Amino acid sequence: MTGNQPDVLAEGLDVVFCGINPAATAVAAGHNFSHRNNRFWAVLCLAGFTDTQLRPDDEHQLLQFGCGITAVVARPTRRGSQISAQEFRQARAGFEAKIRRWQPQTVAFLGKRALAAMTGTSGIEWGPQPTGFAGTDAWVLPNPSGLNRGFTGDALVCAYTQLRLTVAGPRASSPAHGHRQVDKPQTSTSGTSARYALTSSTHEDGLAKEYDHGTS
């Protein structure tokens, strides 16, 4: 992983966005979510997490807004599908220790696969998770990868906005996170909660098709 450090972390962040693993494109660029088709930085801005759209090489500025980035598995791949359920399970102890070390208010998994594999849980829903993870609140958000064609930009912004409104409380207005916006941005949610506004394409067997990667 020469030239790439996927962790953008500090103690007590409001949200740590957690990808599956570093994408090969991120390793090559040396920055997270650096692929030109990835919607991560645009969605964060539109959802109100940042007051301007950051670039991949500005990723450490995300800490000023109370947010961070990490990944469950350290091994980079071209596609998230190349990480097996067994590899997620093997990574759990180290990943859980990392989350307990930095103690964010919320860990937001980008896609369902990693959390489902680590916890052995089926039927995970989008949005807040009832049991949390590693002593902190847990959410599942759709991955913003350009490969995740089942989710529109509006659906992504809706889901991320719901999380942002949940964490935009007293901790978000602390001096360390003074740049944080707490006003709701204009999005095409039509008053519907993010969990139910999300739509996805399906396989022939009716299961949701989830094209997700980590920090591509």
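The figures that follow rest on heavy atoms only: side chains count, while hydrogens, waters and symmetry mates do not. Numbers here simply count residues along the sequence, with the first being 1. Bear in mind the structure is a predicted one, so any value in this text is a computation, not a measurement.
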- request: Kindly determine whether W139 and F17 satisfy ring pair (Phe, Tyr, Trp, His ring centres under 6.0 Å), including the steps that lead there.
  value: CA-CA 9 Å; W139 278 62; F17 295 98; over 10 Å; no

message: T70 vs F95, test: side chain to side chain contact (heavy atoms under 4.5 Å, CB included). Steps then yes/no.
response: CA-CA 9 Å; T70 191; F95 176 71; 3.9 Å; yes

- prompt: Can L13 and W102 be said to form a side chain to side chain contact (heavy atoms under 4.5 Å, CB included), step by step?
  reply: CA-CA 8 Å; L13 295 172; W102 296 104; over 6 Å; no

task: Check the pair L63, V8 against side chain to side chain contact (heavy atoms under 4.5 Å, CB included), reporting the backbone distance first and the verdict last.
output: CA-CA 7 Å; L63 298 175; V8 178; 3.9 Å; yes

task: Carefully, step by step, assess T106 and D14 under the rule side-chain hydrogen bond (donor to acceptor under 3.5 Å, both in side chains).
output: CA-CA 6 Å; T106 302; D14 298 321; over 6 Å; no

Side chain to side chain contact (heavy atoms under 4.5 Å, CB included) between V72 and M118, worked out: CA-CA 10 Å; V72 174; M118 285 190 293; 3.8 Å; yes

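Between R89 and Q86 there is a side-chain heavy-atom pair separated by less than 4.5 Å. Using a 4.5 Å cut-off on side-chain heavy atoms (C-beta onward), V16 and I69 make no contact. Inter-residue side-chain proximity for C67 and L44 is flagged as unmet; no heavy-atom pair is nearer than 4.5 Å. Counting heavy atoms from C-beta outward, F33 and E59 have side chains that stay 4.5 Å or more apart.
Between the side chain of Y160 and the backbone N or O of C45 there is no donor-acceptor pair closer than 3.5 Å. A donor-acceptor pair is defined here as one N or O able to donate and one able to accept, closer than 3.5 Å; no such pair exists between the side chain of N143 and the backbone of G111. A distance-only check finds a donor-acceptor pair linking the side chain of R113 to the backbone of I83 [under 3.5 Å]. Side-chain atoms of T50 never come within 3.5 Å of backbone atoms of Q53 as a donor-acceptor pair (strictly under, hydrogens ignored).
Expressed to the nearest 0.5 Å, how far CZ of R55 lies from OG1 of T52 amounts to 10.0 Å. Here the straight-line distance linking atom CD of Q64 with atom CG of D51 works out to 9.0 Å at 0.5 Å rounding. In this structure, CZ in R101 is found 15.5 Å from CD in E96, a value given to the nearest 0.5 Å. Here the CG atom belonging to N21 is positioned 7.5 Å from the CD atom belonging to E87, to the nearest 0.5 angstrom. Expressed to the nearest 0.5 Å, how far OG1 of T77 lies from CD1 of I20 amounts to 8.0 Å. Interatomic distance, CD of Q90 versus OG of S84, reported as 7.0 Å (0.5 Å rounding).
No side-chain donor from either of N38 and S145 sits under 3.5 Å from a side-chain acceptor of the other.
Across every non-hydrogen atom of L54 and L62, the tightest pair is CD1-N, 3.9 Å. Pairing each heavy atom of Q129 with each of G127, the nearest pair is NE2-O, 2.8 Å. Across all non-hydrogen atoms, the minimal contact from P22 to R75 is CD-O, 4.0 Å. V27 and P76 get closest at one heavy-atom pair: CG2-CB, 3.6 Å. Counting all heavy atoms, side chain and backbone alike, L115 lies closest to T119 at O-OG1, 2.7 Å. Of all non-hydrogen atoms in T136 and P104, the two that sit nearest each other are OG1-O, 2.5 Å.
Taking the charged nitrogens against the carboxylate oxygens, K98 and D7 do have a contact shorter than 4.0 Å, which makes a salt bridge. Between K112 and E125 there is no salt bridge, since no side-chain nitrogen of the basic residue lies less than 4.0 Å from a carboxylate oxygen of the acidic one.
Applying the ring-ring contact (aromatic ring centres under 6.0 Å, His included) criterion to F88, with sequence neighbours excluded, gives no partner residue. Residues forming a salt bridge (charged side-chain N to carboxylate O under 4.0 Å, His left out) with R36 (at least two apart in sequence, or on another chain): none.
Checked against a 6.0 Å centroid threshold, the rings of F133 and F109 count as neighbours. Aromatic pair F40/F49: ring centres not closer than 6.0 Å.
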